[in-house]
**Student:** 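Encoded as structure tokens, here's the structure I'll be asking about.
For this chain, numbers begin at 1 and follow the sequence in order.
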Amino acid sequence: MDQGNKSGVTEFILHSLSGSRELQLFYFAFFTLFYLSIVLGNLLIVLTVISEPALHTPMYFLLSNLSFIDVCLSTFATPKMIIDFLMEHKTISFEGCMTQIFFLHVFAGGEMMLLVAMAYDRYVAICRPLYYATIMSARKCTILVVGSWLTGVLHSISQLAFTVNLPFCGPNKVDSFFCDLPLVIKLACTNTFTFEVLMLSDSGLMAMTSFVLLLISYTVILASVRRRSSARMAKARATLTAHITVVTLFFGPCIFIYAWPFSNLPVDKVLSIFYTVFTPLLNPMIYTLRNKEVISAMQKLRTRHVHF
């Protein structure tokens with residue numbers, strides 16, 4: 001990523017969530033607890049699914065991968081943000097900035113595809129239960145997960161390919177706590193209209209398409225569930241409603257920021273927190289920790305280690 005004489009910028013200045021020293025100390029404690037909860041909660045889910053044979057099913061395989069990617073998504077920028085709350089000068093090197101952009105799009109793009117895969121899994125389980133074991137085979141689940149990661153990597157490379165070669169020769173203040181692509185592009189010493197269109201056609205379209213696919217799949221599932229009145233179906237409706245809420249909280253900010261890249265609003269910085277910090281904590285709470293099978297498996301795991 002060495003720019004040689006293409007760029008005069010060697011570092012970027014990041015803006016904190018607040019200029020108040022007292023608030024920054026509060027944010028330091030608040031987000032430290034939040035981040036630890038994200039990492040411990042999601043890793044506990046991964047460990048539980050791996051150690052409990054009863055959870056070796058397609059649904060929990062996908063959920064454990066979601067937990068792992070949530071740890072990654074919260075880690076690419078949150079630890080730096082937490083440390084910066086204690087720093088007077090909040091800077092990041094050019095290489096560090098490009099690295100943040102790369103991993104953001106790897107993990108966010110991968111999570112989008114994984115959420116679509118999970119919605120497909122639920123569709124098959126509820127709407128075509130007799131064919132579930134055949135359709136959602138171990139091979140199919142592995143392909144879905146590997147495909148999600150590959151999509152995230154390819155998507156990220158396509159974004160970074162044009163960003164890293166932009167000429168940065170003066171402005172270097174990023175109005176966010178991490179290097180967000182729309183904000184970094186605007187700092188380039190060139191007309192960025194073409195690059196913003198490229199970003200819109202890539203990130204914006206990817207987020208919008210995934211969100212629409214999820215809404216369609218959940219609508220079909222809810223329509224199918226509504227025709228059944230059993231207690232099991234009532235539970236499925238409540239679970240799906242919670243899933244839709246989390247999906248909206250994840251995709252809403254992404255679509256707002258990346259589908260309208262030509263405007264830079266102060267609210268963008270706040271919205272970024274939703275998909276980098278809040279959603280990775282909500283996912284295990286909504287998708288997994290409300291599940292009796294997972295809770296039972298966690299209790300077995302705890303008992304096993306206590307006795308050991």
**Student:** Quick one: are I69 and W149 in side-chain contact, heavy atoms under 4.5 Å?
**Tutor:**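 In contact.
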**Student:** Whether the side chain of S210 engages the backbone of A207 through a donor-acceptor N/O pair (distance < 3.5 Å, no angle test) should be reported.
**Tutor:** no
**Student:** Side-chain donor-acceptor contacts of residues 100-117 below 3.5 Å, not counting sequence neighbours, with atom names and distances?
**Tutor:**
unit_1, atom_1, unit_2, atom_2, d
Q100, OE1, C179, N, 2.9
H105, ND1, H155, NE2, 3.1
E111, OE2, N283, ND2, 3.1

**Student:** Measuring from atom CE of M81 to atom OH of Y27, what distance do you get when rounded to the nearest 0.5 angstrom?
**Tutor:** 10.0 Å
**Student:** About how many Å separate CG of D70 and OG1 of T75, when rounded to the nearest 0.5 Å?
**Tutor:** 10.0 Å
**Student:** What is the minimum heavy-atom distance between V9 and P171, and which atoms define it?
**Tutor:** CG2-O, 4.3 Å
**Student:** Go through the steps to decide whether T279 and L73 satisfy the test side-chain contact (heavy atoms from CB on, under 4.5 Å), and finish with yes or no.
**Tutor:** CA-CA 10 Å; T279 304; L73 183 60; over 6 Å; no
**Student:** Could you tell me which non-hydrogen atom of D84 sits nearest to which non-hydrogen atom of Q24, and how far apart they are?
**Tutor:**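 Minimum heavy-atom separation between D84 and Q24: O-OE1, 4.0 Å.
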**Student:** Would a hydrophobic clustering, with Ile, Leu, Val, Met, Phe, Trp and Tyr connected at side-chain separations under 4.5 Å, put V197 with L205?
**Tutor:** no
**Student:** Do the non-hydrogen side-chain atoms of T99 and F76 ever get within less than 4.5 Å of each other?
**Tutor:**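 T99 vs F76: side chains apart.
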**Student:** Any non-hydrogen side-chain atom of T91 less than 4.5 Å from a side-chain atom of F12?
**Tutor:** no
**Student:** Any heavy-atom pair between the side chains of F278 and L249 that's under 4.5 Å?
**Tutor:**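 Heavy-atom side-chain distance check fails, nothing below 4.5 Å.
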**Student:** Evaluate the side-chain proximity of L166 to T190: yes if any heavy-atom separation is below 4.5 Å, no if none is.
**Tutor:** yes
**Student:** Check T57 against A54 and note the closest heavy-atom contact, atom names and distance.
**Tutor:** CG2-O, 3.9 Å
**Student:** Under a single-linkage definition using a 4.5 Å side-chain heavy-atom cutoff for Ile, Leu, Val, Met, Phe, Trp and Tyr, are L154 and L198 assigned to the same hydrophobic cluster?
**Tutor:**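 No; tracing contacts between hydrophobic side chains, which count when under 4.5 Å, never links both residues.
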**Student:** Would a single hydrophobic cluster contain both V220 and F251, if residues Ile, Leu, Val, Met, Phe, Trp and Tyr are joined by side-chain heavy-atom contacts under 4.5 Å?
**Tutor:** yes
**Student:** Any chance you could measure T10, atom OG1, to F168, atom CZ, to the nearest 0.5 Å?
**Tutor:**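 If I round to the nearest 0.5 Å, the distance is 13.0 Å.
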**Student:** Output the distance between atom CG (L14) and atom NZ (K173), rounded to the nearest 0.5 Å.
**Tutor:** 12.0 Å
**Student:** Report yes if the side chains of T78 and F34 come closer than 4.5 Å at any heavy-atom pair, otherwise no.
**Tutor:**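 Answer no - side chains too far apart.
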**Student:** I'd like to know whether the aromatic ring centres of Y35 and F31 sit less than 6.0 Å apart in this structure.
**Tutor:** no
**Student:** Which pairs would a plain distance check flag for residues 127-138, meaning a side-chain donor or acceptor within less than 3.5 Å of a matching protein atom at least two apart in sequence or in another chain?
**Tutor:**
unit_1, atom_1, unit_2, atom_2, d
Y132, OH, D121, OD1, 2.6
S137, OG, K140, N, 3.2

**Student:** State whether the side chain of S74 and the backbone N or O of V277 hold a donor-acceptor pair below 3.5 Å, judged by distance alone.
**Tutor:**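 Pair absent, no side-chain N/O of S74 close to backbone of V277.
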**Student:** Could you tell me whether the side chain of H56 and the main chain of V49 form a donor-acceptor pair under 3.5 Å?
**Tutor:** yes
**Student:** Nearest 0.5 angstrom please: L183 CG to D175 CG, how far?
**Tutor:** 6.5 Å
**Student:** L23, L25: one ILVMFWY side-chain cluster at the under-4.5 Å cut-off?
**Tutor:** yes
**Student:** Honestly curious: do I82 and I13 fall in one hydrophobic cluster under the side-chain, below-4.5 Å linking rule?
**Tutor:**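 No, separate clusters.
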**Student:** Can you measure from CZ (F250) to CZ (F211) and round to the nearest 0.5 angstrom?
**Tutor:** 11.5 Å
**Student:** Judged by atom type as modelled, is there a donor-acceptor pair below 3.5 Å linking the side chain of S93 to the main-chain atoms of G96?
**Tutor:** yes
**Student:** Answer yes or no: is there a donor N or O on one side and an acceptor on the other, between the side chain of N42 and the main chain of I38, under 3.5 Å?
**Tutor:**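 Answer holds: yes.
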**Student:** Compare all side-chain heavy atoms of M206 with those of Q159 and state whether any distance is below 4.5 angstrom.
**Tutor:**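 They are not in contact (no side-chain heavy atoms under 4.5 Å apart), so the answer is no.
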**Student:** Any chance you could lay out the side-chain contact (heavy atoms from CB on, under 4.5 Å) test for M59 and R122, step after step, and finish with the verdict?
**Tutor:** CA-CA 8 Å; M59 182 179 75; R122 290 299 84 205; 3.4 Å; yes
**Student:** Are the side chains of V212 and I216 in contact, using a 4.5 Å heavy-atom criterion?
**Tutor:** yes
**Student:** Before giving the answer on side-chain contact (heavy atoms from CB on, under 4.5 Å), spell out for T48 and Y60 the whole-Å C-alpha distance, their side-chain angles and the decisive distance to 0.1 Å.
**Tutor:** CA-CA 10 Å; T48 302; Y60 292 113; over 6 Å; no
